[in-house]
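If you read the sequence from its start, that first residue is 1, and numbering goes on from there.
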Amino acid sequence: MRSVEPMEGYTPSRRRRSMIRRKEMPLWQELPLLLVVAFCLAVLIRTFLVQAFYIPSGSMEHTLEIQDRVLVNKVVYDMRDPLRGEIVVFRGTDDWAPEVTETVSNTFLAKLGRTIGDLVGVSRPGERDFIKRVIGLPGDKVACCDEQGRITVNGIGIDEPYISEGFNSDLNQPPIPGQCTSRRFSEVVVPAGQMFVMGDHRSVSQDARCQGPVPIENVIGRAFVVVWPSDRFTSLNVPDVWKQFEVDHPTAAAGLPAQHREPDPVVATEVMPLVLGVVLSARSGMSFVTRRRRLRA
């Protein structure tokens with residue numbers, strides 16, 4: 001029988017080509033690649049989307065305890081400015097003294113660990129990073145106290161359910177310049193582009209009462225959930241009292257319009273597609289490993 005030679009220019013059909021099995025990459029080569037993809041994804045998320053912060057002090061007790069870890073949304077304020085009642089992480093100005101100073105090791109391994117931890121967003125915050133609750137916005141008049149010992153915003157007393165009993169500042173102690181030990185402070189008109197922030201543990205928190213308002217542009221993001229320890233997992237929602245205040249007083253007392261920011265074009269057009277691509281790549285790689293293991297089982 002004569003053999004038949006294939007026709008010149010003949011190529012297998014798509015279906016036939018799909019049946020040709022590709023050579024599988026060894027696991028020892030695939031695993032490092034997946035680790036690199038996961039690391040890059042963590043760095044992108046930490047830089048542009050979400051970052052974990054460690055709570056080093058008791059200035060937000062009992063809403064946040066020492067050694068809690070919270071997730072901070074770094075994108076939300078690219079769309080709008082903070083709202084009253086939200087918990088925000090921000091960089092303090094030169095007038096803000098660090099709440100916690102710790103001696104750190106300068107060994108090579110310690111520096112390497114801090115560098116990697118900072119890249120993926122699980123390191124301790126810097127001395128200039130603070131976490132507080134937004135009390136006043138540009139144009140608001142903030143003071144303390146009314147007849148019930150409450151702070152007032154635009155002359156309206158605020159019942160703050162997050163302040164635990166015994167955690168408020170001393171009502172009878174006279175104000176001391178540069179210290180937040182007294183509950184009383186004179187009326188402050190929040191300047192344009194700034195916000196008035198306070199800690200929930202008023203007797204120990206060093207905040208805007210004695211260190212001044214903070215520029216809104218210094219905000220890193222909004223803390224929206226406690227993720228560690230696991231038994232303290234909870235969302236950090238805006239209290240109802242502030243939601244109602246926002247409904248009744250949507251603009252500042254000075255008549256300033258609410259400020260809104262345009263989305264960052266770099267985040268919208270470059271970062272998000274890149275993050276999406278890395279996510280899809282990671283998912284494809286993990287699916288490939290899972291499929292291989294399933295087939296070999």
Side-chain angles (χ1 to χ4, degrees), residues 43-57 59-60 64 70-100 118-119 121 123-142 153-154 180 185 188-200 205-225 236 238 242 245-246 249-272 275:
V43 172
L44 287 172
I45 291 175
R46 174 250 187 258
T47 304
F48 299 105
L49 301 179
V50 178
Q51 183 175 355
F53 274 86
Y54 167 87
I55 306 301
S57 74
S59 67
M60 285 294 294
L64 299 174
V70 299
L71 292 184
V72 174
N73 184 330
K74 303 179 73 172
V75 182
V76 60
Y77 297 135
D78 287 327
M79 311 298 177
R80 62 170 177 82
D81 281 345
L83 301 176
R84 306 178 189 95
E86 291 182 330
I87 298 175
V88 297
V89 174
F90 60 92
R91 293 181 300 275
T93 65
D94 292 338
D95 295 331
W96 280 63
E99 289 185 318
V100 176
D118 183 63
L119 284 174
S123 61
R124 297 187 177 215
E127 291 183 354
R128 289 293 178 183
D129 293 338
F130 299 86
I131 183 166
K132 306 291 181 185
R133 190 181 298 275
V134 179
I135 302 297
L137 296 175
D140 282 345
K141 299 177 181 178
V142 184
V153 179
N154 303 330
C180 295
F185 60 92
V188 175
V189 179
V190 183
Q194 301 195 30
M195 59 183 182
F196 194 93
V197 295
M198 300 175 70
D200 291 354
S205 175
Q206 300 296 300
D207 47 44
R209 291 173 291 171
C210 54
Q211 304 195 93
V214 177
I216 293 177
E217 66 181 12
N218 283 20
V219 175
I220 297 172
R222 177 192 173 188
F224 65 95
V225 64
L236 299 173
V238 176
W242 287 113
F245 188 92
E246 188 69 24
H249 308 275
T251 57
L256 298 177
Q259 299 182 20
H260 296 275
R261 303 177 184 175
E262 293 297 326
D264 187 342
V266 174
V267 173
T269 63
E270 298 182 13
V271 176
M272 292 304 295
V275 171

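Using cut-offs of 30° and 60° on the angle between ring planes, the pair Trp96 and Phe90 is perpendicular.
Between the side chain of Glu246 and the main chain of Arg84, no donor-acceptor pair closer than 3.5 Å is present. Listed for the Gln51 side chain is no donor-acceptor partner under 3.5 Å among the backbone atoms of Lys74. The main-chain N or O of Lys141 is found under 3.5 Å from a side-chain atom of Asn154 such that the two form a donor-acceptor pair. Using modelled atom types, no side-chain atom of Arg133 and backbone atom of Met198 make a donor-acceptor pair closer than 3.5 Å.
Of all heavy-atom pairs between Pro82 and Ile216, the closest is CD-CG2, 3.6 Å. Annotation for Pro138 and Gly193: closest pair CG-N, 3.7 Å, computed over non-hydrogen atoms. For Thr93 against Pro215, the heavy-atom pair with the smallest separation is CG2-CD, 3.5 Å. Across all their heavy atoms, Val189 and Gly139 have their closest contact at CG1-O, 4.3 Å. Taking both residues in full, the closest heavy atoms of Asn73 and Val76 are given as OD1-N, 3.0 Å, listed atom of the first, atom of the second, then distance.
Between Leu236 and Val70, the closest side-chain pair of non-hydrogen atoms falls below 4.5 Å. Side chains of Leu137 and Val190 form no contact here, defined as non-hydrogen atoms less than 4.5 Å apart. Counting only heavy atoms from C-beta outward, the side chains of Val197 and Phe130 never approach each other to under 4.5 Å. In this structure the side chain of Pro213 reaches within 4.5 angstrom of the side chain of Pro191, judged on heavy atoms.
Atoms CE and CD1, on Met60 and Ile131 in that order, are 6.0 Å from each other to the nearest 0.5 Å. The NZ atom of Lys132 lies 8.0 Å from the CD atom of Gln211; values are rounded to the nearest 0.5 Å. Taking CD of Gln194 as the reference point, atom CG of Asp140 lies at 13.0 Å (rounded to 0.5 Å). With values rounded to the nearest 0.5 angstrom, Arg222 atom CZ is found 7.5 Å from Leu83 atom CG.
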Is there a side chain to side chain contact (heavy atoms under 4.5 Å, CB included) between Phe53 and Ile220 once you walk through the steps? CA-CA 11 Å; Phe53 274 86; Ile220 297 172; 4.3 Å; yes

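Remark: Arg209 engages Ser169, Asp207 in a side chain to side chain donor-acceptor pair (under 3.5 Å) (not counting sequence neighbours).
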